[in-house]
There are 2 protein chains.
Amino acid sequence: MPKNAIAPQSHWEAFASRRRDPASKREAVLQTAACLFLEKSYRRTSLDDVARRLNITKPALYHYFRNKEDILLGCYRWGTTLIEEGLNRIAADCGSGLAKVEAFIYSYANVMTVNFGRCVMRLDEGDLSSEALAEVRRYKRKIDRRLRSFIQEGIEDGSIAPCDPKLTAFAIAGALNWICMWYEPEGPLTPGEIAAQFARTLTRGLMRPARRAASRRVLAMRAAGGNNISS
Amino acid sequence: MPKNAIAPQSHWEAFASRRRDPASKREAVLQTAACLFLEKSYRRTSLDDVARRLNITKPALYHYFRNKEDILLGCYRWGTTLIEEGLNRIAADCGSGLAKVEAFIYSYANVMTVNFGRCVMRLDEGDLSSEALAEVRRYKRKIDRRLRSFIQEGIEDGSIAPCDPKLTAFAIAGALNWICMWYEPEGPLTPGEIAAQFARTLTRGLMRPARRAASRRVLAMRAAGGNNISS
DNA sequence: TTGATATCTTACCCACCAGTAAGAAAAAAG
DNA sequence: CTTTTTTCTTACTGGTGGGTAAGATATCAA
């Protein structure tokens, strides 16, 4: 009977009956928690908030999670699993280093538009206990190492220009991680469009490629108007 | 007499005497607050924490700031001012669109390694009241518009390849904003090195430029080893 | 020196919220 | 139907922390 029951992605139906189904109820808690954590941050989200959206009371949550942090950790784990699944598919693919980086951009950009994926990079690590933090950091480090190895591979097979893999990985990961800060599910941009543009910008760069034997300098100077292109 | 007085950047000396100097005391509060907000987040930093580092007590802070949020807003304002100063210098520079974007990358990367600059992009906007949030959003929007205009300018003068300025700006700003998440003042990377590598990656892209008339495909296939380059 | 003002402290209030105790109510088992 | 187990609720505790009241002490101006 609550008037604000029309929540974005309402998972309260899982708790509509008392039928025993711990798995789906656990997931419902994580989904609504992730949603609230992204809306208001972990700290500003009270367990009462989470419970209210699920049409239950706070202590009921303690039947499915040890404490508040356990819920947070659940969101992190779900998200890192999503990222890792994508990563494994890429490693199986046998293209050049550059092809792997491109595939990484597509996969990762998509995950950053999903609630659990966004949680991994958007939520504040400082809210985790030291053990949980160590676990999450391990995941993140693994992702970073993989990206660097793709870049290194590309440098070695000649598909990527020589560069510092560490800083280059930071640049790519930064651009992608930041998606979870501005992306809105109801917005005009689809994950696919974002991934495509990012892949293009990051692989080819901003610079207009020099045509034929013409010097770049000349092209840059020539103020050719009317070149607008969108999307 | 406190044993932990050796804080990173100790500004408590401003409060050592009761001499009337509100300006420098206000700054001291902002500096230590920014430091703590970055260390532990705004929410986890109590006013007692801030006061303790300054060797004063909590109510003393209320002589220089209306409330906790006022301190936070002070950090935001200081940071956005830093960004804007850089931006103004670039607009005065009369290079091509690409040159302006490159200058933006250098300037912005540097600001992201300074505490107040980091605050702007790292701290949680959700901790701001609606009015303060509107102000901060206005600043951020302005920065975004400027970057987009540089890109648009570059497309029109032919220095930048045709692209969607909005998404391209997101990619560049994302890579740069993320710096404030991993940068450590005591770390091995200088702001200059970061800016240089980022400028290179973002303008030229990852892809190894095709040499002469040789087709790209051939170069990508050729697995040329031993191309490692660091720094 | 004296009064006025700015500066800072001790002591306190109260709202918020994670977590718990104890038990009611529903579901499953026998 | 009876018993056992799971599920969930009402009512509470205790710690934290922003903000305030009231007053002490130093600085400054005259």
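Within every chain, numbering begins at 1; the chains are lettered A, B, ... in the order of the sequence lines, protein sequences first and strands thereafter. Note that the structure is a prediction, hence the values are computed from the model and not measured. Hydrogens, waters and symmetry mates are skipped; everything else that's a heavy atom, side chains included, is used.
- Atom NE2 in A:His63 sits about 7 Å away from atom C1' in D:dT6, given to the nearest Å.
- In this structure, the nucleotide among D:dT9, C:dA18, D:dG19 sitting nearest to the side chain of A:Ser46 is C:dA18.
- Taking the ring-ring contact (aromatic ring centres under 6.0 Å, His included) definition, one finds that A:Tyr139 meets it with nothing, sequence neighbours left out.
- C:dA18 atom C1' lies 14 Å from atom CG of A:Leu72, rounded to whole Å.
- When the nucleotides D:dG19, D:dT9, C:dC8 are ranked by their closest atom to the side chain of A:Pro59, D:dT9 comes out on top.
- When all heavy atoms of A:Asp164 and B:Gln197 are compared, the closest pair comes out as N-NE2, 3.6 Å.
- If you take NZ of A:Lys25 and C1' of D:dT6, they are 10 Å apart, rounded to a whole angstrom.
- Nucleotide C:dC17 holds its P atom 9 Å from the NZ atom of A:Lys58, rounded to whole Å.
- Note on B:Tyr64: only backbone sugar-phosphate atoms sit closer than 4.0 angstrom, heavy atoms only; bases stay farther off.
- Between B:Tyr62 and D:dG19, a side-chain N or O to OP1/OP2 separation shorter than 4.0 Å is present.
- Between B:Leu47 atom CG and D:dG19 atom P the separation is 7 Å, expressed in whole Å.
- Among residue pairs with one or both ends in residues 97-112 of chain B, those qualifying as side-chain hydrogen bond (donor to acceptor under 3.5 Å, both in side chains) are B:Lys100-B:Glu153, B:Tyr108-B:Asn177; sequence neighbours excluded.
- Remark: aromatic rings of A:Trp178 and B:Phe170 are distant, center separation not under 6.0 Å.
- Here the C1' atom of nucleotide C:dT9 and the CG atom of B:Asn55 are 14 Å apart, to the nearest Å.
- Nearest-nucleotide mapping onto DNA chain C: of B:Leu61 and A:Asp49, the residue sitting toward the 5' end is B:Leu61.
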